[in-house]
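Remarks on the structure that follows.
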Amino acid sequence: MDPKQWIDVTTEVQYSLDHFVIPDHYEKALTSVLIPHGVIMDRVEKLAKLIVQEAKGPLVVCCVLKGGHQFFADLINYIKKNVTRGGKSVPLSLEFIKVKSYSGTESGTVKLSLTDEECKEFAGKNILIVEDIIDTGKTMVQLLQKLKQFEPESVKVASLLIKKTPVSNGYIPDYVGFAIPNAFVVGYALDYNEYFRDLDHICVISEYGKDKYAIKN
Ligand code: IMP
């Protein structure tokens, strides 16, 4: 996707937590709301429309767990609504991939849960991978390399977020919701050590939050 088509979220437009409903248990653990839930939903609707317009046939939509699950669920709903509104009908089948690449906020080793047997199902299909965030780009490049060995007809990637970071490997997905500053964000299923998935808005975690929810041995 051409970067001109992204929504560029800058640090100047972060909203005070007071302007939104934030679960009490997370108030002190966050500094600000970066992307309110309503804006996320509006953007997901647009991505769904673009995906449907460009789809060449049935899609195997692959959710990258766990962080991608909310984006995946909302995206699928909007693709289905497109049909009820008289838009192009695209048959969907759904797959789930577990990828673990992070412990805390540090980029760690990438582990994919895909077995070769599962990957064989992708041969000749049009695949759409749905991911929450591209940070260094390492996870996605490895996942794509693995999937391409199984000769799918096409593979496209939709990522809700892309982080502007100096450690990026330059990978850019086919569909991007928002480009965000180089901060660790949580909410809308994005986690920090499994916390904050139960938060609707995408928020910036505070130093207090990083410490409170750190893995302590
Ligand atoms: P990459 O391989 O560095 O691109 O990392 C991608 C994965 O790291 C994502 O699927 C997320 O699980 C995780 N990740 C990277 N940045 C963040 C963040 O700001 N918040 C939550 N998870 C993140």
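Both counts, for ligands and for their atoms, begin at 1 and track the order of listing.
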Lys138 neighbourhood, listing ligand 1 atoms whose heavy-atom distance to it stays under 4.0 Å:
2 (O), 4 (O)
Which is it for Val157 and Met140 under the side chain to side chain contact (heavy atoms under 4.5 Å, CB included) test, yes or no, and what are the steps along the way?
CA-CA 9 Å; Val157 176; Met140 194 47 68; 3.9 Å; yes
Measure Lys163 to ligand 1 on non-hydrogen atoms and call it side chain, backbone, both or neither using the 4.0 Å cut-off.
side chain
Under 4.0 Å from one or more heavy atoms of Asp191, ligand 1 contributes atoms 21 (C)
Look at ligand 1 and say whether Ala183 reaches it with a heavy atom at a distance under 4.0 Å.
yes
Winner among Thr136, Val204, Val185 once heavy atoms are compared against atom 3 (O) of ligand 1
Thr136
Under a plain distance cut-off of 3.5 Å, with no hydrogens placed, do Asp132 and Tyr188 share a side-chain donor-acceptor pair?
no
Glu131 heavy atoms within 4.0 Å reach ligand 1 at atoms 10 (O)
Determine the minimum heavy-atom distance between Leu47 and Met1, stating which atoms define it.
CD2-CE, 4.0 Å
Are the charged groups of Glu153 and Lys56 less than 4.0 angstrom apart, N to O?
no
Check Ser159 against Pro173 and note the closest heavy-atom contact, atom names and distance.
CB-CG, 3.8 Å
Please name the pair of heavy atoms, one in Glu131 and one in Phe71, separated by the smallest distance, quoted to 0.1 Å.
O-CD2, 3.3 Å
Check contact between Gly137 and ligand 1, using heavy atoms of the residue and a distance below 4.0 angstrom.
yes
Note: ligand 1 atoms sitting under 4.0 Å from heavy atoms of Thr139 are 1 (P), 2 (O), 5 (O), 6 (C)
Non-hydrogen side-chain atoms of Asn182 and Lys164 separated by less than 4.5 Å:
no
Would Ile133 count as a contact residue for ligand 1, given that I'm defining contact as a non-hydrogen atom of the residue lying under 4.0 Å from a ligand atom?
yes
Side chain, backbone, both or neither: Leu190 near ligand 1, heavy atoms under 4.0 Å
side chain
